[in-house]
Amino acid sequence: MVTLSHIIINGTLTRGENAEVIIASYVVAMSLFSIIERLGVLLRNACSALVRDKVSFKAMSTVAIFIVTILMIISSIIAYSPIGWWIFSYVFGADPNMIEQIVEVYQILILVSLFSAIRCLFQGVIILNRQTKWLTIGMIIRLIAMYLLSLLFIHTGNINAKTGAYIFLAGMMVESLVSYLEGRILVKKMVEKDEDHQITTKAQIFRFYNPLILSSLIIVMVGPVINVFLGKTSEIELAISSYAIALSITHLFLSFFSYTHQIVLTFYKNHAREVKKFTFMIGFIPALILAVFCFTPIGAWFIEHVLGANERLVTASLDSLKVFMLMVLVFPFVDFCNGLLMLRSETRTMVFSQSANLVFTFVVVAVLATVMPSWNGMIGALAQSVGMVAELTVLLAILLKGRAKLRYTHYKEKKLGQTV
């Protein structure tokens, strides 16, 4: 449903005049927004992993206020100073004619990051209490609000890059309100202090949170890096637009399987074998779904008639989607491994796996943008897929090394016991 909300936005923007420029402007602004917002989204993982009573929630809330304040300051500086123009011009390489639209979009997205952080804090409490139906309820209401606002913009014909930001903001405000109302009820039901739970201070939370920030800042750079090099392809607007549409559809299919890490955090300690079976059982489903979408008339029909893309954009988007098959195949297992590292509070090691992702993505997109610029959006899809494979490889190496070390420790302890 989260991904469907972005498809609603892209489907609205494709109906505007000069749709490729409108989508490209919105996507560039979203690329920078995703870096800033990611720091707030991490509150969901930290809350579900560390909060067990009112004392730990109070510490988490203080950390959340600090994080949100920093996010708002940084975002405002970017949006309302020449720094933003410089970033979009020289870092992202945006066309000078697009920069004003990009900045206007980003100014609206500042509020989105605020409501997103509030939403994620209380969603952590909701997940902790296994009341995940409220995440679905919140998303349903969010989608209804976004769809109705989308219809209004389409009916009036008033569609530009800011349209997407307004739709996104409306949806986030609604979902944030639902999460806050339910989350507060659950917090009130918590015990004041769980004697078996050791998290009581902000410092303890930051020790878990800081490595997540670093690793997330690394991985969230993947999108901007790809968009920067797509700006060097043969047809810039087509490349960025087709990549954005393909990525949003890919995320739609992955979204059903993107909470594997939360399943690990919630159930793995007591039901490790069942969680492994479940992950292996569902891990290949998104790739099968995407294959049906890409290699049957369903895909072309959906992109043309549901998203409203023209024939040229439909073809380019389908080409990129076929390349994304590799990423879809790998992602569920990356999410599972990350869940194990968070469960063990080994978030520092995620820096290495996600650095590998970024490095491989950068190398592939830089080489292909230079050697094969005519591939357009497929360049971004292949780079992101190869980066994901690199991340999974490093994660498996880390986990297997840890498992071997644990077995060796048990062997030594057993040997020592036999000697005694």
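Note: hydrogens, waters and symmetry copies are ignored here, and every other heavy atom, side chains too, is used. The first residue of the sequence shown is numbered 1, and numbering continues consecutively from there.
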>> For T201 and Q204: C-alpha separation, side-chain torsions, deciding distance, then whether side-chain hydrogen bond (donor to acceptor under 3.5 Å, both in side chains) applies.
In response: CA-CA 6 Å; T201 66; Q204 291 172 305; 3.3 Å; yes
> Do K276 and F336 have side-chain heavy atoms sitting under 4.5 Å apart?
Replying inline: yes
> Can T361 and N357 be said to form a side-chain hydrogen bond (donor to acceptor under 3.5 Å, both in side chains), step by step?
Replying inline: CA-CA 6 Å; T361 299; N357 187 330; 3.1 Å; yes
> Just wondering, do M139 and V178 contact through their side chains at under 4.5 Å, heavy atoms?
Replying inline: no
> Do the side chain of D335 and the main chain of F331 share a donor and acceptor less than 3.5 angstrom apart?
Replying inline: no
> For T69, which of I65, I67, L71 qualifies under side-chain contact (heavy atoms from CB on, under 4.5 Å)?
Replying inline: I65
> Between F280 and F284, how do the two ring planes meet: parallel, tilted or perpendicular, split at 30° and 60°?
Replying inline: perpendicular
>> Any side-chain to backbone donor/acceptor pair from N227 onto L230? Under 3.5 Å, distance only.
In response: no
> For the atom pair CG (L50) and CZ (R207), what is the distance rounded to the nearest 0.5 Å?
Replying inline: 10.5 Å
> D53 and I199: side-chain contact (heavy atoms from CB on, under 4.5 Å), yes or no, with the steps?
Replying inline: CA-CA 9 Å; D53 50 35; I199 303 297; over 6 Å; no
>> With side-chain contact (heavy atoms from CB on, under 4.5 Å) as the criterion, how do R142 and R119 come out once you've worked through the C-alpha distance, each side chain's angles and the decisive distance to 0.1 Å?
In response: CA-CA 12 Å; R142 167 180 167 171; R119 170 198 65 160; 3.5 Å; yes
> So which pairs with a foot in residues 296-316 pass salt bridge (charged side-chain N to carboxylate O under 4.0 Å, His left out), sequence neighbours left out?
Replying inline: E20-R312, E235-R312
> So, does S353 use its side chain to make a donor-acceptor pair with the main chain of M350 at under 3.5 Å?
Replying inline: yes
> Does the pair Q101 and Y26 meet the rule for a side-chain hydrogen bond (donor to acceptor under 3.5 Å, both in side chains), with working shown?
Replying inline: CA-CA 8 Å; Q101 290 187 73; Y26 175 76; over 6 Å; no
> Would you call the rings of F168 and F33 parallel, tilted or perpendicular if under 30° counts as parallel and over 60° as perpendicular?
Replying inline: perpendicular
> Going through the distances and angles, do E37 and S113 end up as a side-chain hydrogen bond (donor to acceptor under 3.5 Å, both in side chains)?
Replying inline: CA-CA 5 Å; E37 188 215 18; S113 63; over 6 Å; no
> Donor-acceptor pair, Q107 side chain versus A79 backbone, under 3.5 Å?
Replying inline: yes
> Are the side chain of S25 and the backbone N or O of V21 linked by a donor-acceptor pair below 3.5 Å?
Replying inline: yes
> Between S150 and T12, does any side-chain donor sit less than 3.5 Å from a side-chain acceptor?
Replying inline: yes
> So, S320 side chain and A316 main chain: donor-acceptor pair closer than 3.5 Å or not?
Replying inline: yes
> With H271, which residues qualify under ring pair (Phe, Tyr, Trp, His ring centres under 6.0 Å), at least two apart?
Replying inline: none
> Are more than 12 heavy atoms from other residues, nucleotides or ligands located less than 6.0 Å from atom CD of E100?
Replying inline: no
